[in-house]
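Written below as structure tokens is the structure these notes are about.
Note that the coordinates shown come from a computational prediction; the quantities given were computed from them, not determined experimentally. Residue numbering restarts at 1 for every chain, and letters A, B, ... go by the order of the sequence lines.
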Amino acid sequence: MRIGYPCINLTLKNQYSSTFRLKSYSEKLFNETVKNNLNHLLSVLNFNKTNNIYFFRIGSDIIPFASHPVCDIDWSDTFKEKLEEIGDFIIKNNIRVSMHPDQFVILNSKSEDIVKNSIRELQYHCKLLDSMRLPTSAKIQIHGGGVYGDKEKAKKVFSNNFNKLLEESLKRRLVIENDDRSYSLQDCLDINSETGIPIVFDTFHHECLNNGETFQQSLSSFIKSWKYTTDGNPILDYSSQNIGERKGKHAKSLNKNHFIYMYDELKNTIKENQVDLDIMLEIKDKEKSALLALKMVQGF
DNA sequence: GGCCGTCAAGACGAT
DNA sequence: ATCGTCTTGACGGCC
């Protein structure tokens, strides 16, 4: 089992700006920024390895404006060596990486342009992972998208677009995550049966939106959506409620009791299904919680 | 040097 | 109609 955290390491400060405004876009600034971002990513991965953290989500901004029309730079060629160096490091150390494009990726949008732009954005994510020569277990996770007042129809549009509009290399990396107000685990299972797309099970979103399943039922159904040999370990996103804040807001730090209760349930599932899982902690204090969780799990 | 409005992009619920 | 939220963080203009 790997435990990871998303996008940012709060211990290691990136000494350079990691992105810039579209207004200040230039080839020079772009190349400098990407170079620094890639170097920084490698330091973060090194930090993680030193601390036994073998799961990390790479931030989508690592190549700024990569899918924007303004970007006509062949960055995968310019930075070929660096990208392959990072990929080699990841593979050599049995690290798992993933990505999570932001909310603007709507595969089932009513607007053809938004679907088109969404696919461009996904292609960028795919190209980055491909350029690092990573296996298809390096996943890109997205949500179900819009509902538009008719979820059954929206799910069909998602499935049709997934099946018809995406190239195979992209399909092999895509996974769908249940969200906290539109697409429940059951909705994702429905989409899975039409597309075969594996499901990232977000336990916190599931607490916010579910269909009354037991935790064990949820776990065994989401696990079945993964083909371990090509998809890698099923991924589970974990967080807990930020007490006093609106429902669905992520905790600032690891809720130890909540986590250990969840982990205890997981252990049974892992044993029964003879499968390993990778856990992504979506907690605001990032690697601090990951390190704490790791310690707790090791002492279990 | 620090403050804080704003940032490429969409959808949705709350106000 | 406008705002806050989503993995929100951080850029960059202004004082």
Closest to side chain of A/H68, choosing from C/dT7, B/dA8, B/dC12: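 The nucleotide sitting nearest to the side chain is B/dA8.
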Minimum-distance nucleotide to A/D102 side chain [options: C/dC11, B/dA9, B/dC12]: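 Nearest listed nucleotide: B/dA9.
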Within the structure shown, what part of the strands sits under 4.0 Å from [X] by heavy-atom distance: base, sugar-phosphate, or nothing?
X: A/R57; result: sugar-phosphate
X: A/S109; result: sugar-phosphate
X: A/S24; result: sugar-phosphate

For DNA chain C, the dot-bracket pattern of Watson-Crick and G-U pairs whose distances stay under 3.5 Å, | for other-strand partners: ||||||..|||||||
Pairs meeting criterion salt bridge (Lys or Arg N to Asp or Glu O under 4.0 Å) with involvement of residues 32-41 of chain A, two or more places apart: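 Output for this query lists A/K28-A/E32.
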With A/D88 via salt bridge (charged side-chain N to carboxylate O under 4.0 Å, His left out) - residues at least two apart: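 In terms of salt bridge (charged side-chain N to carboxylate O under 4.0 Å, His left out), with neighbours along the sequence ignored, A/D88 is linked to A/R133.
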Under 5.5 Å and under 30°: A/F104 stacked on B/dA9: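 It does: the two rings, one from A/F104 and one from B/dA9, meet the stacking criterion.
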Parallel, tilted or perpendicular: ring planes of A/F259 versus A/Y263, cut at 30 and 60 degrees: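 A/F259 and A/Y263: parallel rings.
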Toward the 5' end of DNA chain C, by each residue's nearest nucleotide, A/L29 or A/E177: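 Checking each residue's closest nucleotide, the 5'-ward one belongs to A/E177.
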Separation of the P atoms in B/dC4 and C/dG4, to the nearest angstrom: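 To the nearest whole Å, 16 Å.
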